[in-house]
Amino acid sequence: QVQLVESGGGSVQAGGSLRLSCVVSGSTISRHCMGWFRQAPGKEREGVAHNDVYGDVRYADSVKGRFTMSKDNAKNTLYLQMNSLKPEDTAMYYCAAYPPSWRCVGDEYRYWGQGTQVTVSS
C-alpha cells in the first residue's frame, strides 16, 4: 500500500545541482521518519540524510553543507537538494521510510523507493 517513488536524477557536471523528489502514496508523509540513501557500484549503501528523534535533519559528513533534505507535507513529497556536486556523489539514490508513527530512533526503514540515478562528471 505504501509506495515511494523517486525522480529528479540525471547527469550533471561537477559543481552543478540537482533536486531529487520522493512522492509518498498510500500514507501521509508526516507520519513517517524519512531518509535518503545512496549506493555506488561496488560500494556499501550509505545514509545521506535522515530525520532524527529531535525533529532535525542529520547529514553524512561527506554531504554536509552541500545537500539539504526537506519535505512538502501538502504534496506528500520528500526532497533532496544537492548543490556543489562532486564525482564521488555519483550513485543510485533511494528514499526510505519507517513504519507510520514510529519514533525516529535506530534503523527501522521498512519502505524503499526504486531509486534514481545521479551521475556527476568532472
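In this text, all values refer to a predicted model and were calculated from it rather than measured experimentally.
- In this structure, Arg66 places its CZ atom where more than 12 heavy-atom neighbours from other residues, nucleotides or ligands lie under 6.0 Å away.
- Under the 4.5 angstrom side-chain criterion for Ile, Leu, Val, Met, Phe, Trp and Tyr, Tyr79 has no cluster partners at all.
- Applying the 6.0 Å contact sphere to CD of Gln117 captures more than 12 heavy atoms from other residues, nucleotides or ligands.
- Looking at Thr116, its side chain does come within 3.5 Å of a backbone N or O of Gly9 through a donor-acceptor pair.
- Considering only residues two or more places apart in sequence or on other chains, Thr28 meets the side chain to side chain contact (heavy atoms under 4.5 Å, CB included) condition with Ser30, Arg31, Asn76.
- Scanning both residues, Glu108 and Trp102, for their nearest heavy atoms gives OE1-CZ3, 3.5 Å.
- Panel note: side chain Arg19, backbone Gln81; no donor-acceptor pair is recorded below 3.5 Å.
- In this structure the side chain of Tyr98 never reaches within 4.5 angstrom of the side chain of Asn51, judged on heavy atoms.
- Taking CG from Leu20 and OG1 from Thr77, the interatomic distance works out to 12.5 Å, rounded to the nearest 0.5 Å.
- Here Gln114 pairs with Val5, Glu6 under the side chain to side chain contact (heavy atoms under 4.5 Å, CB included) rule; sequence neighbours left out.
- Atoms CZ and CG, on Phe67 and Leu80 in that order, are 6.0 Å from each other to the nearest 0.5 Å.
- Contacts classified as disulfide bond (SG atoms under 2.5 Å apart) and involving residues 78-122 (residues at least two apart or in different chains) are given here: Cys22-Cys95, Cys33-Cys104.
- With rounding to the nearest 0.5 angstrom, the CD1 atom of Ile29 is 12.5 Å from the NZ atom of Lys75.
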Side chains of residues 39-50: which donor-acceptor pairs under 3.5 Å do they make with residues two or more places apart or in other chains?
from	atom 1	to	atom 2	distance (Å)
Gln39	NE2	Lys43	O	3.1
Glu46	OE2	Arg38	NE	2.7
Glu46	OE2	Arg38	NH2	3.2

Show your working on side chain to side chain contact (heavy atoms under 4.5 Å, CB included) between Met82 and Val118 and close with a plain yes or no.
CA-CA 10 Å; Met82 305 184 294; Val118 171; 3.8 Å; yes
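- Judged purely by atom type and a 3.5 angstrom limit, Tyr111 has no side-chain atom pairing as donor or acceptor with the backbone of Val24.
- Salt bridge annotation for Asp61-Lys64: present, with a cationic side-chain nitrogen under 4.0 angstrom from a carboxylate oxygen.
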Discussion item. Leu18 vs Leu85, test: side chain to side chain contact (heavy atoms under 4.5 Å, CB included). Steps then yes/no.
Written reply: CA-CA 8 Å; Leu18 285 172; Leu85 283 162; 4.2 Å; yes
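- Taking both residues in full, the closest heavy atoms of Ala97 and Met34 are given as CB-SD, 3.4 Å, listed atom of the first, atom of the second, then distance.
- In this structure a side-chain-to-backbone donor-acceptor pair under 3.5 Å is present from Thr90 to Val120.
- Criterion: ILVMFWY side-chain heavy atoms under 4.5 Å apart, direct or through other members. Under it, Val57 and Tyr93 are part of a common hydrophobic cluster.
- For residues 3-46, the pairs satisfying ring pair (Phe, Tyr, Trp, His ring centres under 6.0 Å) are Phe37-Tyr109, Phe37-Trp112, with sequence neighbours left out.
- Shown here for Ala14 and Ser122, the closest heavy-atom pair between the two residues is CB-CA, 4.3 Å.
- When all heavy atoms are compared, the tightest approach of Leu78 to Met69 is CD1-CG, 3.8 Å.
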